[in-house]
Amino acid sequence: MKFFIDTANIDQIKEAQDLGVLDGVTTNPSLMAKEGISGEENIINHYKKICEIVDGDVSAEVISTDFEGMIKEGEKLAALHPQIVVKIPMIKEGIKAIKYLTEKGIKTNCTLVFSVGQALLAAKAGATYVSPFIGRLDDVSTDGVELIAQIVEMNSYYGFETQVLAASIRHTMHIIQCMEVGADVATCPLSAILGLANHPLTDIGLEKFLADYKKVNG
Ligand code: E4P
């Protein structure tokens with residue numbers, strides 16, 4: 001399972017990259033705004049900076065909602081760097097834009113997916129990634145991980161190549177549950193990636209190993 005980091009924060013992206021287990025980055029307009037990145041030039045430079053830090057795919061989201069606007073923005077974003085994946089919302093115009101960009105050889109990430117029917121449309125349009133938002137589903141008492149399982153099964157049954165990118169991950173259990181049902185990618189906050197390393201028995205064990213070493217070696 002690939003790990004993407006779900007942030008536009010440069011320090012966090014660098015920290016995750018330094019761990020050596022990072023496969024890519026996802027951003028969205030809210031995450032960019034959170035970092036105070038505004039204005040076309042700054043936004044473009046920020047995406048380029050992220051691409052220079054990581055080796056894998058970097059999702060950059062369009063803000064247009066009409067077909068012409070989405071493909072114009074998508075082509076511009078894709079031209080910035082070979083690692084850029086154009087993030088397109090799951091709306092009618094978005095499906096057409098995914099199909100168009102895919103045929104042009106541009107990678108896409110279909111975002112804001114909340115049902116298996118939406119994931120079917122994304123796959124049929126040829127999206128590189130489909131992003132079901134599991135945390136936001138859990139927030140409305142719907143099992144987000146169950147949706148990941150359904151989409152993974154659909155892809156395997158029909159041989160769709162669209163990668164299932166579990167998004168809106170809130171904690172380590174989400175990552176583990178996504179792994180158990182075969183998600184291709186989990187895009188996570190840094191805290192959730194780092195949280196996987198934690199175990200009290202590891203801390204206790206390490207403390208004892210070091211204390212025992214000290215006893216005989218001083
Ligand atoms: C996906 O790519 C989105 O950027 C993200 O995972 C949304 O997560 P949220 O529900 O925490 O905003």
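Computed over heavy atoms, backbone and side chain alike; hydrogens, waters and symmetry mates excluded. Remember, it's 1-based here, ligands and their atoms both numbered in the order they're listed.
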Step-by-step side chain to side chain donor-acceptor pair (under 3.5 Å) determination, Asp184 to Tyr129: CA-CA 9 Å; Asp184 299 290; Tyr129 298 100; over 6 Å; no

Sub-4.0 Å atoms of ligand 1 with respect to non-hydrogen atoms of Thr26: 2 (O)

Numbered atoms and elements of ligand 1 in range of Asp6, under 4.0 angstrom, heavy atoms: 1 (C), 2 (O), 3 (C), 4 (O), 5 (C), 6 (O), 7 (C), 8 (O)

Heavy atom of Thr111, distance to ligand 1 below 4.0 Å: no

Nearest heavy atoms of Cys188 and Ile193, plus distance in Å: CB-CG1, 3.8 Å

Sub-3.5 Å N/O-N/O distance, Asn28 and ligand 1: yes

Distance-only N or O hit between ligand 1 and Ser131, under 3.5 Å: no

Identity and distance of the protein heavy atom lying nearest atom 7 (C) of ligand 1: Phe133 CE2, 3.6 Å

Closest approach of any protein heavy atom to atom 8 (O) of ligand 1, naming residue and atom: Ser168 CA, 3.4 Å

Residue list, salt bridge (charged side-chain N to carboxylate O under 4.0 Å, His left out) with Asp212, at least two apart or on another chain: Lys208, Lys215

For Lys2, salt bridge (charged side-chain N to carboxylate O under 4.0 Å, His left out) partners two or more places apart: none

Heavy-atom check, side chain of Met90 versus side chain of Thr111, under 4.5 Å: no

Donor on one side chain, acceptor on other, Thr26 and Thr187, under 3.5 Å: yes

Minimum non-hydrogen distance to atom 1 (C) of ligand 1, winning option of Lys87, Arg170, Glu61, Arg136: Lys87

